[in-house]
2 protein chains.
Amino acid sequence: MQVTADDLVGVLRGRGLRITAPRRSVCAILADAYGEHLTAADIHRRVEDTEGRSIDQSTVYRTIDTLEETGLLTHTHLGHGPLIYHLAGEAPHQHLMCRRCSRSIGMLANELEPFYAEITRLTGFVVDPTHGVIWGLCADCAATG
Amino acid sequence: MQVTADDLVGVLRGRGLRITAPRRSVCAILADAYGEHLTAADIHRRVEDTEGRSIDQSTVYRTIDTLEETGLLTHTHLGHGPLIYHLAGEAPHQHLMCRRCSRSIGMLANELEPFYAEITRLTGFVVDPTHGVIWGLCADCAATG
DNA sequence: ATAATTGCAAACGGTTTGCATGACC
DNA sequence: GGTCATGCAAACCGTTTGCAATTAT
């Protein structure tokens, strides 16, 4: 585990934000899930399951917002479904999402650096690899497709 | 205009589907908007505005589904907002969406073909450039960022 | 005639909001 | 004590669904 709940809580405190039980819980879940992709519903459920305490879903969303505003958390748009969240400290990766089987593959963003650089060269646009998903067919589905 | 409403209607008829007034209207709007990005709500509104006829939104969605199933229409995921639709005959575009100003730039997908090929080489994953959006900062926002 | 399509209205999933109660500093 | 955060419930947007009435074939 690279980041602890206390690290996250410490940053919130440093911004003058109040340290409440729900905020502690969400931070603990996120630190614990380092490297995983969690939805807001996942976070909500895990708080109840592992902390034994129930918090409202609106509190989950508001805590997520707070963490994003402080730069600790980022989200990724995975199609029509819920957003997924990961701690900002993780190695940036590009998600490849299969349209047929809905499996999602992660590629390290720096493997795709030439691709992003070419987009910038052609258009001036600077790519944020973690924020979106590239759609297509995974190797298996492409083969049987 | 590269495709006419009659072309689209003809394909539906060829599949044994019934040609109804709502289907004619949606096809007319889509043919008319060739090259534009329409949401389901756009299509709905334009049918009312330009055809003078009101159709239900569920009919719009069902007609969209029908057109996608027959391969005439495709959709693109633009973040959390509504899906956008374009006729399958259009030149494939990669959308670049600015996180700050929400402007969306279209790039011809074949300009990026070598990079899609590289993704396939590394992972076996076959990219569908039209189906998703690449997020980041447009040239203007990156400069003032 | 009969099967496909429509309109309506209600539900859906994911997220946001208004407001009164509560708790942190 | 003052303000910030929470829970609750209700609203929101985009989309889907069940079902009875309609219409193309």
Side-chain angles (χ1 to χ4, degrees), chain A residues 8-29 37-48 51-70 72-85 102 133, chain B residues 6 8-29 37-48 51-70 73-85 102 133:
Chain A
L8 301 172
V9 168
V11 174
L12 296 182
R13 200 191 319 270
R15 305 268 174 144
L17 295 164
R18 296 191 178 169
I19 306 309
T20 64
R23 282 181 175 168
R24 277 186 203 281
S25 300
V26 171
C27 287
I29 297 303
H37 302 143
L38 299 184
T39 66
D42 291 333
I43 296 169
H44 187 216
R45 183 168 0 88
R46 291 200 190 183
V47 169
E48 305 214 358
E51 306 272 313
R53 159 195 303 110
S54 157
I55 67 181
D56 194 73
Q57 52 172 355
S58 66
T59 302
V60 174
Y61 283 106
R62 288 193 269 231
T63 303
I64 286 170
D65 287 348
T66 303
L67 291 168
E68 291 200 87
E69 279 159 19
T70 58
L72 292 167
L73 194 66
T74 62
H75 67 259
T76 302
H77 295 272
L78 231 55
H80 16 224
L83 298 177
I84 61 172
Y85 297 92
S102 296
V133 175
Chain B
D6 283 349
L8 301 172
V9 167
V11 174
L12 296 183
R13 199 192 319 270
R15 305 268 174 145
L17 296 163
R18 295 188 179 174
I19 307 310
T20 63
R23 283 180 175 169
R24 276 185 203 282
S25 300
V26 171
C27 287
I29 297 302
H37 301 145
L38 299 184
T39 66
D42 291 334
I43 295 170
H44 187 216
R45 182 167 2 86
R46 291 200 188 183
V47 168
E48 304 213 0
E51 307 271 314
R53 163 205 339 285
S54 157
I55 67 180
D56 193 75
Q57 53 172 355
S58 66
T59 302
V60 173
Y61 283 106
R62 288 193 270 231
T63 303
I64 285 169
D65 287 348
T66 303
L67 291 167
E68 291 201 88
E69 280 159 20
T70 58
L73 193 68
T74 61
H75 67 260
T76 302
H77 294 271
L78 231 56
H80 17 224
L83 298 177
I84 61 172
Y85 297 92
S102 296
V133 175

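Each chain gets a letter, A, B and so on, in the order its sequence line appears, and its residues count up from 1.
- Remark: His80(A) pairs with no residue by the side chain to side chain donor-acceptor pair (under 3.5 Å) rule, at least two apart or across chains.
- For His44(B), the side chain to side chain contact (heavy atoms under 4.5 Å, CB included) partners at least two apart in sequence or on another chain are Glu48(B), Ile55(B), Gln57(B), Val60(B).
- The salt bridge (charged side-chain N to carboxylate O under 4.0 Å, His left out) search around Arg15(B) returns none, not counting sequence neighbours.
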Next item on the list: Between protein and nucleotides 9-18 of chain D, map the contacts as a letter string: B base, S sugar-phosphate only, - none, heavy atoms under 4.0 Å, written 5' to 3'.
Entry: -----SBBBB
Check: Which letter, B, S or -, goes with each nucleotide of nucleotides 20-25 of chain C from 5' to 3', with contact meaning a protein heavy atom under 4.0 Å?
Finding: ---BBS
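- The salt bridge (charged side-chain N to carboxylate O under 4.0 Å, His left out) search around Arg24(A) returns none, not counting sequence neighbours.
- A close approach under 4.0 Å does occur between a side-chain nitrogen or oxygen of Thr59(B) and OP1 or OP2 of dG7(C).
- To the nearest angstrom, C1' of dC8(C) lies 14 Å from CD1 of Ile55(B).
- Here dT5(C) presents its C1' atom at 13 Å from CG of Leu12(B), a figure rounded to the nearest Å.
- If you take CD of Glu69(A) and C1' of dA5(D), they are 14 Å apart, rounded to a whole angstrom.
- Between Ile64(A) atom CD1 and dA5(D) atom P there is a gap of 16 Å when expressed in whole angstrom units.
- Scored by the side chain to side chain donor-acceptor pair (under 3.5 Å) test, Asp65(A) finds no partners at all (sequence neighbours excluded).
- For Arg13(A), there are no salt bridge (charged side-chain N to carboxylate O under 4.0 Å, His left out) partners at least two apart in sequence or on another chain.
- Among all heavy-atom pairs drawn from Arg46(B) and Ile29(B), the shortest one is O-CD1, 3.7 Å.
- A search for salt bridge (charged side-chain N to carboxylate O under 4.0 Å, His left out) contacts involving Glu51(A) returns Arg53(A), not counting sequence neighbours.
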